[in-house]
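Just so it is clear, the model here is predicted, and its values are computed rather than measured. Any value given below was found using the heavy atoms of this structure, including those in side chains, with hydrogens, waters and symmetry copies removed.
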Number of protein chains: 2
Amino acid sequence: MRPGERGLRELDEIDRKLLRLLAADARRTNASLAAELGIAQSTCLARLNALRASHVIRGFTVDVEPGALGNALQALVFVRIRPGARHLMSEFGKAMTEVPGVTQAFFLGGDEDFLLHVSVRDAQDVRDFVVEHLSAHPAVANTRTSLVFEHLRGAEPWG
Amino acid sequence: MRPGERGLRELDEIDRKLLRLLAADARRTNASLAAELGIAQSTCLARLNALRASHVIRGFTVDVEPGALGNALQALVFVRIRPGARHLMSEFGKAMTEVPGVTQAFFLGGDEDFLLHVSVRDAQDVRDFVVEHLSAHPAVANTRTSLVFEHLRGAEPWG
DNA sequence: CGTGAAACCCACACGAC
DNA sequence: GTCGTGTGGGTTTCACG
């Protein structure tokens, strides 16, 4: 790694296993993690803090059933940016992540420029979202919406 | 709700705030959560366990920087299922989530049937993935791949 | 359901290797 | 980097409202 670059220090086998265990249950106690890794608690804690400090770990979150809070409908919205507004793309993406209901935003290469994953109550909410935040936006050329019948999470890439 | 049914009991304001706090940092101590919510620790723990038991909380995970483990490239792969193989779609989706590198699978309505989000090392890996797991699969009619330049996570829907 | 109190267990410094 | 230990604080149970 070049000096001054953000720390992407090599991860050893223990680091990877630690990440894998946390991916399965991020609320496990440090003691139980250490036991399964076969290292001392203090060592395990030091590694965990190092992974946080070096931004390998971005954070710990809870995975919530979307339907539990009245968000029964998910959709993917493809967005094409107006050719004359390409310089607004990065800004546009960030703005979209602030909109309630938008859970992910992909900045794409290819036919379409953006893909937004939205989780909302019903079809009316999707329409409102597209009309209010996309069609009205000066940078947006056009959009295309697909309903999500099922959303599956894959195995974490460091399996 | 009928007894024995999967609990989608109403969430009150405290439950929602609890989920929001956990979304921001899933490893916060129960004590600090209780303090911020203005309830007793034991009450907070009881609510947390209830949310887990009723499957409102699916789990706690760690958010890892994808590049940190050598996965520098992300792509979206759209998949069209062969008309005669529609009955294999559900099975196909589950199988895809087991493939290393596949982080998400969307089961779609619209032009295309599936969208796969893959996180891999380089372009060669994308090609290998498409050739080995998609083109060769009897249910797959055709695929289309878009590179992901940036992947942003949105605010959680219960903000 | 909610709570306070108490036993138990854990997190997180240290200092040493 | 790794480890063992101590102690302040957290987790969890339980009897009670």
Side-chain angles (χ1 to χ4, degrees), chain A residues 1-65 67-70 158, chain B residues 1-65 67-70 158:
Chain A
M1 141 191 21
R2 287 194 299 284
E5 194 165 10
R6 200 187 293 225
L8 279 193
R9 128 193 88 80
E10 289 284 314
L11 304 183
D12 62 16
E13 191 48 49
I14 295 181
D15 286 321
R16 273 191 290 270
K17 192 167 181 185
L18 175 54
L19 290 173
R20 185 148 27 94
L21 293 177
L22 286 170
D25 180 8
R27 272 188 82 81
R28 274 183 71 165
T29 64
N30 181 65
S32 114
L33 292 168
E36 187 152 349
L37 293 171
I39 59 179
Q41 298 182 13
S42 45
T43 305
C44 187
L45 184 65
R47 277 177 179 267
L48 204 165
N49 286 333
L51 288 171
R52 265 211 284 210
S54 63
H55 298 275
V56 171
I57 291 179
R58 292 199 285 213
F60 301 96
T61 67
V62 58
D63 184 12
V64 175
E65 171 73 35
L69 218 112
W158 55 84
Chain B
M1 134 190 27
R2 288 194 302 282
E5 190 167 12
R6 196 188 299 218
L8 277 195
R9 124 194 92 81
E10 288 283 314
L11 304 183
D12 62 17
E13 191 48 49
I14 294 181
D15 286 321
R16 274 192 288 270
K17 192 167 180 186
L18 176 55
L19 290 173
R20 184 148 27 94
L21 294 176
L22 285 169
D25 179 8
R27 273 187 81 82
R28 273 184 72 166
T29 64
N30 181 65
S32 111
L33 293 168
E36 188 153 348
L37 293 172
I39 58 180
Q41 297 182 14
S42 44
T43 305
C44 187
L45 184 65
R47 278 176 179 268
L48 204 165
N49 286 334
L51 289 171
R52 265 210 284 211
S54 63
H55 298 275
V56 171
I57 291 179
R58 292 199 286 215
F60 302 96
T61 66
V62 58
D63 183 13
V64 175
E65 169 74 35
L69 218 112
W158 54 84

Over how many whole Å does the gap from A:Asp12 atom CG to D:dT2 atom C1' extend? 12 Å

Rounded to the nearest Å, what distance is computed from the CD atom of residue A:Glu13 to the C1' atom of nucleotide D:dT2? 18 Å

In whole Å, I'd like the distance from the CG atom of B:Asp15 to the P atom of C:dC1. 11 Å

By nearest nucleotide on DNA chain C, pick out whichever of A:Gln41 and B:Ala46 is the more 5' one. B:Ala46

Minimum-distance nucleotide (side-chain atoms of B:Arg47 versus C:dG2, D:dT11, C:dA11): C:dG2

Looking at D:dT11, D:dC3, C:dG2, which one has an atom nearest to any side-chain atom of A:Ala40? D:dC3

Test for a donor-acceptor pair under 3.5 Å between the base of C:dG4 and the side chain of B:Ser42, counting only N and O atoms. yes

Taking C:dA11, D:dT11, D:dG1 as options, the one with an atom nearest any side-chain atom of B:Asn30 is D:dT11

I want to confirm an ordering. Mapping B:Arg27 and A:Cys44 to their closest nucleotides on DNA chain D, which one lands closer to the 5' end? A:Cys44

Are the side chains of A:Arg28 and A:Glu36 in touch, meaning some heavy atoms are under 4.5 Å apart? yes

By the 4.0 Å heavy-atom rule, please label B:Thr43 as base, sugar-phosphate, or nothing. base

Are B:Lys17 and B:Asp12 within salt-bridge range, i.e. N to O under 4.0 Å? no

Of the listed D:dT13, C:dC10, C:dC12, the closest approach to the A:Ala31 side chain comes from C:dC10

Nearest whole Å is fine: how far is C:dG2 P from B:Asn49 CG? 13 Å

When the distance from CG of A:Leu45 to C1' of D:dT5 is rounded to whole Å, what number comes out? 15 Å

Only one of A:Leu37, A:Ile57, A:Ile39 forms a side-chain contact (heavy atoms from CB on, under 4.5 Å) with A:Leu18, so which one is it? A:Leu37

Any donor-acceptor N/O pair, B:Arg20 side chain to B:Ala24 backbone, under 3.5 Å: no

Take the protein atom CG of A:Leu48 and the nucleotide atom C1' of D:dT2, then report the distance between them rounded to whole Å. 16 Å

Whole-Å distance between C:dG2 P and B:Leu37 CG? 11 Å

Got a donor-acceptor contact below 3.5 angstrom from the A:Arg52 side chain to the A:Arg58 backbone? no

